[in-house]
Amino acid sequence: MAGAVGYWPGDRLRFAGRQSAILMRDWARICRTRRFGPAGADLDYEALLAAAGPVLAVSVAGDRLAPVPAVDLLCAKVPAAPLTRHHHGPDATLTPDRPLDHFRWVRDSGAIADRIRAWSDTHH
């Protein structure tokens, strides 16, 4: 779709919002191969991930762009890293009509930001 129209019309398709065709090709490649690395990259992203230092992985219930299984697959790419995994479940909402999601947690969740700050303070 993105190749045909020059961008991803996610706002109309109700998935991922409007995105560049380049980003969508990268996402598609990651989904097909389960390997990270933009087209033409001269870095071995998989090797860099495998050698990563401490990692905090946070997932949020209802996140359609980074669901728990996808975050878990990403965590598997950092096998040597000390890993802290945290999931905010469906009860982690500010109000019943505004559940957290891929973007909203940044604007609305002091609890997640506090957890990230506390982790960063102990790992840096």
Side-chain angles (χ1 to χ4, degrees):
M1 174 73 80
V5 298
Y7 67 94
W8 174 255
D11 49 343
R12 292 184 181 178
L13 299 173
R14 297 184 189 177
F15 178 74
R18 186 178 170 130
Q19 304 292 336
S20 77
I22 293 169
L23 174 66
M24 295 312 290
R25 279 193 294 273
D26 283 343
W27 280 4
R29 185 180 319 96
I30 291 167
C31 290
R32 283 191 313 273
T33 67
R34 292 192 176 190
R35 293 186 54 81
F36 283 90
D42 57 356
L43 292 174
D44 184 347
Y45 287 85
E46 293 291 318
L48 292 170
L49 283 166
V55 172
L56 169 63
V58 178
S59 54
V60 177
D63 186 342
R64 292 177 44 195
L65 298 179
V68 171
V71 176
D72 290 342
L73 284 171
L74 180 58
C75 290
K77 293 185 172 288
V78 294
L83 175 66
T84 304
R85 182 76 171 85
H86 182 71
H87 177 72
H88 277 267
D91 59 331
T93 60
L94 285 181
T95 63
D97 63 325
R98 292 196 61 191
L100 298 178
D101 64 15
H102 192 76
F103 299 104
R104 193 172 293 131
W105 76 266
V106 175
R107 295 187 304 264
D108 294 340
S109 183
I112 295 176
D114 289 344
R115 183 174 292 270
I116 293 169
R117 183 181 308 110
W119 181 89
S120 180
D121 289 347
T122 62
H123 289 84
H124 288 83

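This chain uses plain numbering: 1 for the first residue, then up along the sequence.
- Linking ILVMFWY residues whenever their side-chain heavy atoms come closer than 4.5 Å, directly or via other members, leaves Val5 and Met24 in distinct clusters.
- The minimum heavy-atom distance linking Pro38 with Tyr45 is given by the pair CD-CE1, 3.5 Å.
- The distance from the CG atom of Asp63 to the NE2 atom of His87 is 9.5 Å, given to the nearest 0.5 Å.
- Minimum heavy-atom separation, Ala80 to Ala50: CB-O, 3.8 Å.
- Taking every heavy atom of both residues into account, Ala81 and Ala52 meet most closely at CB-O, 3.4 Å.
- Under the 4.5 Å side-chain contact rule for hydrophobic residues, Met1 and Leu65 share a cluster.
- A side-chain donor-acceptor contact under 3.5 Å links Lys77 to the backbone of Arg34.
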Start with the C-alpha distance between Val58 and Val71, add both sets of side-chain angles, then the distance that settles side-chain contact (heavy atoms from CB on, under 4.5 Å), and finish with yes or no. CA-CA 8 Å; Val58 178; Val71 176; over 6 Å; no

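- When all heavy atoms of Gly6 and Ala21 are compared, the pair lying nearest together is O-CB, 3.6 Å.
- A distance of 9.5 Å separates CD1 of Ile30 from CG of Leu74, quoted to the nearest 0.5 Å.
- Atoms CG and CZ, from Leu43 and Phe36 in turn, are 14.5 Å apart once rounded to the nearest 0.5 Å.
- Linking ILVMFWY residues whenever their side-chain heavy atoms come closer than 4.5 Å, directly or via other members, leaves Trp27 and Leu73 in distinct clusters.
- Taking the six-membered ring for Trp and thresholds of 30 and 60 degrees, His88 and His86 have ring planes more than 60 degrees apart, a perpendicular arrangement.
- Rounding to the nearest 0.5 Å gives a distance of 3.5 Å between OG of Ser59 and CZ of Arg85.
- Put simply, the side chain of Gln19 never gets that close to the backbone of Pro9: no donor and acceptor are under 3.5 Å apart.
- For the atom pair CG of Leu83 and CG of Leu56, the computed distance is 8.5 Å after rounding to the nearest 0.5 Å.
- How far CG of Asp44 is from CZ of Arg35: 6.0 Å, rounded to the nearest 0.5 Å.
- Residues Trp8 and Ile22 do not share a hydrophobic cluster, clusters being chains of Ile/Leu/Val/Met/Phe/Trp/Tyr side chains in contact below 4.5 Å.
- Among residues at least two apart or in separate chains, salt bridge (charged side-chain N to carboxylate O under 4.0 Å, His left out) pairs with a member in residues 17-26 are Asp26-Arg29.
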